[in-house]
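Here's the structure we're looking at; comments come further down.
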Amino acid sequence: MENNTMTIKGLLNEGVLKIASLPPDNPRTIGEHTPLILPLIAKNYPAKTARMWNDLFKKCGMPERNIMMVADPKQVELIIKVLKRDPRYRGGGAGIGFKQAVIPHLDKITPLAKAMGAVNIIKKTKSGKLCGDNTDGAGYARSLELMFAEQGRPITGARILILGAGDSGRSIAIALADRGARLTILNRTVEKAEELAKMVNEYAGANLATGGGRFFIPEILPLQDAVVSVVDDAHSPLDEYSPLCDMPQPVTPDSVKKNRKQTAELFRKAKPSLIVSDIRIRKTETPMLAEARKHHLRVLDGIPMVVYQGVEAFWWLHKKELKEYGVSIADVGEVMWKAAKR
């Protein structure tokens, strides 16, 4: 299929790329001369990325358009080759299915993306090289940092408990370490928590993180300034539980009741200033956040993370042009928040 003249339009005609139909305000066609920002996703879902980015492009009078594309990660080598050649491609996201798959085909990735083992944003340089970065963790860290600031205290030196050591945990832990936070990472599989803590310390060049098992939660939580759960599986029955306490399966009304009671006991022993965060985005507030609110603790869900990672990615891609337009990163955040709430 591939030839040296294949373009983005050619990939669309061949069905290798398909314009995502579910994201709100995602353009349905591609203009002949429009500079393109193309996030790649393996599954069609209603992300607000296109709306947030295109609102900014229109507000600033910039010609680029963000168009989310559904594709098969198995075709990533061909896709990246064509994107690299097509002069209209300026960069774009690496979403579901592409965060790791794109890495071998890029010319360069940032040290942060290398440490995370994943890329979520790609930039084409003036020389035509493709560089990957990861703003997922930075987006979360920004949202938590602002919450600390509202309490009049810095995130640097803060004690933060992270529950979980998967991909989200890795990106968030590294980004928080970048800001000088002191981390305790607890996971059901102790070895994974210890491995992540070691990785964070090697990246930071300092002993900022320790890893261990979930059985340490009752001992550790009263000492913390914030706790964040990075356990996120939309199809898991564990959604009915607070991840702070035992989560036995099968889930029963009695097991849920016991879990909530144990969570309440932990929050009664926590600092009154504790920030409780759960990155899961659901139609209703998660059990851990709902229980924290009952104890008058500050809560943070995953929505600000989604918005701020977009802010960070947009700024990384368009910083020079935005400064020429007199647009600050705070302005970017304001427009994206308004778009996300629509």
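Quick caveat: nothing in here was measured; it's all calculated off a predicted structure. Positions are given from 1, in the same order as the sequence printed here.
By the side-chain contact (heavy atoms from CB on, under 4.5 Å) test, Ala118 is found to be paired with Lys99, Gln100, Asn134, residues two or more places apart in sequence or in another chain being considered. Considering only residues two or more places apart in sequence or on other chains, Arg298 meets the side-chain contact (heavy atoms from CB on, under 4.5 Å) condition with Met147, Glu150, Gln151, Ile275.
Annotation: side chain of Arg182 is not in contact with side chain of Ile160 (no heavy-atom distance under 4.5 Å). Under the 4.5 Å side-chain criterion, counting only non-hydrogen atoms from C-beta, Leu289 is not in contact with Glu291. Side-chain contact check for Met69 versus Ile30: some heavy-atom pair is nearer than 4.5 Å. Residues Ile37 and Ile67 fail the side-chain proximity criterion, which asks for heavy atoms closer than 4.5 Å. Proximity of Asp167 to Asp136: side-chain heavy atoms (C-beta onward) are nowhere separated by under 4.5 Å. The shortest distance between side-chain heavy atoms of Asp246 and Asn259 does not fall below 4.5 Å. Counting heavy atoms from C-beta on, the side chains of Val228 and Val230 come closer than 4.5 Å. For the pair Leu274/His295, no side-chain contact is recorded, criterion being any heavy-atom separation below 4.5 Å from C-beta on.
Sequence neighbours left out, not one pair with a member in residues 95-119 passes ring-ring contact (aromatic ring centres under 6.0 Å, His included). The ring-ring contact (aromatic ring centres under 6.0 Å, His included) contacts involving residues 319-342 comprise Tyr308-Trp337, where partners must be two or more places apart or lie in separate chains. Listed by first and then second residue, the salt bridge (Lys or Arg N to Asp or Glu O under 4.0 Å) pairs that reach into residues 111-121 come to none, sequence neighbours excluded. Within the structure, the side-chain hydrogen bond (donor to acceptor under 3.5 Å, both in side chains) test picks out the following pairs touching residues 138-148 (sequence neighbours left out): Tyr140-Ser277, Glu145-Arg179. Listed by first and then second residue, the ring-ring contact (aromatic ring centres under 6.0 Å, His included) pairs involving residues 29-58 are Trp53-Phe314, Phe57-Phe314, Phe57-His318 (not counting sequence neighbours). Contacts classified as salt bridge (Lys or Arg N to Asp or Glu O under 4.0 Å) and involving residues 312-337 (residues at least two apart or in different chains) are given here: Glu334-Lys338. Residue pairs that meet the salt bridge (Lys or Arg N to Asp or Glu O under 4.0 Å) test with at least one member in residues 249-275, sequence neighbours left out, are Asp225-Lys271.
No donor-acceptor pair under 3.5 Å is formed between the side chain of Asn66 and the backbone N or O of Asn54. In this structure a side-chain-to-backbone donor-acceptor pair under 3.5 Å is present from Thr125 to Lys129. No side-chain donor-acceptor contact under 3.5 Å links Lys48 to the backbone of Ala339. Side-chain atoms of Arg88 come within 3.5 Å of backbone atoms of Gly31 as a donor-acceptor pair (strictly under, hydrogens ignored). Of the possible donor and acceptor atoms, none in the side chain of Ser242 sits under 3.5 Å from a partner among the backbone N and O of Met288.
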Using residues 209-222 as the side-chain source, report each donor-acceptor pair under 3.5 Å to any protein atom, sequence neighbours left out, with the distance given to one decimal.
residue	atom	partner	partner atom	Å
Arg214	NH1	Pro243	O	2.6
Arg214	NH2	Pro243	O	2.8
Arg214	NH2	Cys245	O	2.9

Please table the atom pairs, donor to acceptor, closer than 3.5 Å between any side-chain atom in residues 16-29 and protein atoms at least two apart or in another chain.
residue	atom	partner	partner atom	Å
Ser21	OG	Asn44	ND2	2.8
Asp25	OD2	Arg51	NE	2.8
Asp25	OD2	Arg342	NH2	2.9
Asn26	OD1	Met68	N	2.8
Asn26	ND2	Ala20	O	2.9
Asn26	ND2	Met68	O	3.2
Arg28	NH1	Asn26	O	2.5
Arg28	NH2	Ser21	O	3.0

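A donor and an acceptor atom, one from each side chain of Asp178 and Tyr203, are located under 3.5 Å apart. Judged by distance alone, the side chains of Tyr241 and Thr263 never bring a donor and an acceptor atom under 3.5 Å apart. Asn201 and Asn207 form a side-chain donor-acceptor contact under 3.5 Å, judged by distance and modelled atom types alone. For the residue pair Asp301 and Thr286, no side-chain donor N or O sits within less than 3.5 Å of a side-chain acceptor on the partner.
Remark: Asp239 engages Arg282 in a salt bridge, criterion side-chain N to carboxylate O under 4.0 Å. For Arg280 and Asp278, the salt-bridge test passes: some basic side-chain N is under 4.0 Å from an acidic carboxylate O.
Taking both residues in full, the closest heavy atoms of Ala173 and Leu183 are given as O-CD1, 3.3 Å, listed atom of the first, atom of the second, then distance. Here the closest non-hydrogen pair linking Met52 and Ala340 is SD-CB, 3.9 Å. Annotation for Ile185 and Gly164: closest pair CG2-O, 3.8 Å, computed over non-hydrogen atoms. In terms of heavy atoms, Ile80 sits closest to Leu130 at CG2-CD1, 3.7 Å. Taking all atoms of both residues into account, the shortest heavy-atom contact from Phe148 to Ala226 is CZ-CB, 4.0 Å. Closest approach of Arg170 and Leu196 over heavy atoms only: CA-CD1, 3.7 Å.
Rounding to the nearest 0.5 Å places CZ of Arg65 at 13.0 Å from CG of Leu38. Distance check: Leu83 CG to Leu40 CG gives 6.0 Å after rounding to the nearest 0.5 Å. To the nearest 0.5 Å, the span separating CG on Leu186 from NZ on Lys192 amounts to 14.0 Å. Rounding to the nearest 0.5 Å gives a distance of 15.5 Å between CD1 of Ile122 and CZ of Arg90. Here the straight-line distance linking atom NZ of Lys108 with atom CD1 of Ile103 works out to 15.0 Å at 0.5 Å rounding.
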Steps toward side-chain contact (heavy atoms from CB on, under 4.5 Å) verdict (Ile162, Leu176): CA-CA 10 Å; Ile162 297 177; Leu176 291 175; 4.2 Å; yes
Could you walk me through whether Leu322 and Val332 pass the side-chain contact (heavy atoms from CB on, under 4.5 Å) test, one step at a time? CA-CA 9 Å; Leu322 291 171; Val332 173; 4.0 Å; yes
Taking it one step at a time, do Ile174 and Leu112 satisfy side-chain contact (heavy atoms from CB on, under 4.5 Å)? CA-CA 8 Å; Ile174 290 173; Leu112 182 61; 3.3 Å; yes
Tell me, with the steps shown, if Asp86 and Lys9 meet salt bridge (Lys or Arg N to Asp or Glu O under 4.0 Å). CA-CA 9 Å; Asp86 195 313; Lys9 185 177 180 179; over 6 Å; no
Stepwise side-chain contact (heavy atoms from CB on, under 4.5 Å) check, Met336 with Leu56: CA-CA 7 Å; Met336 283 200 172; Leu56 267 162; 3.7 Å; yes
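A 6.0 Å sphere centred on NZ of Lys84 holds more than 12 heavy atoms belonging to other residues, nucleotides or ligands. Open room surrounds CZ on Arg188; 12 or fewer heavy atoms of other groups in view lie less than 6.0 Å from it.
Applying the 4.5 Å side-chain rule to ILVMFWY residues, one finds that Leu223 remains a lone member of its cluster.
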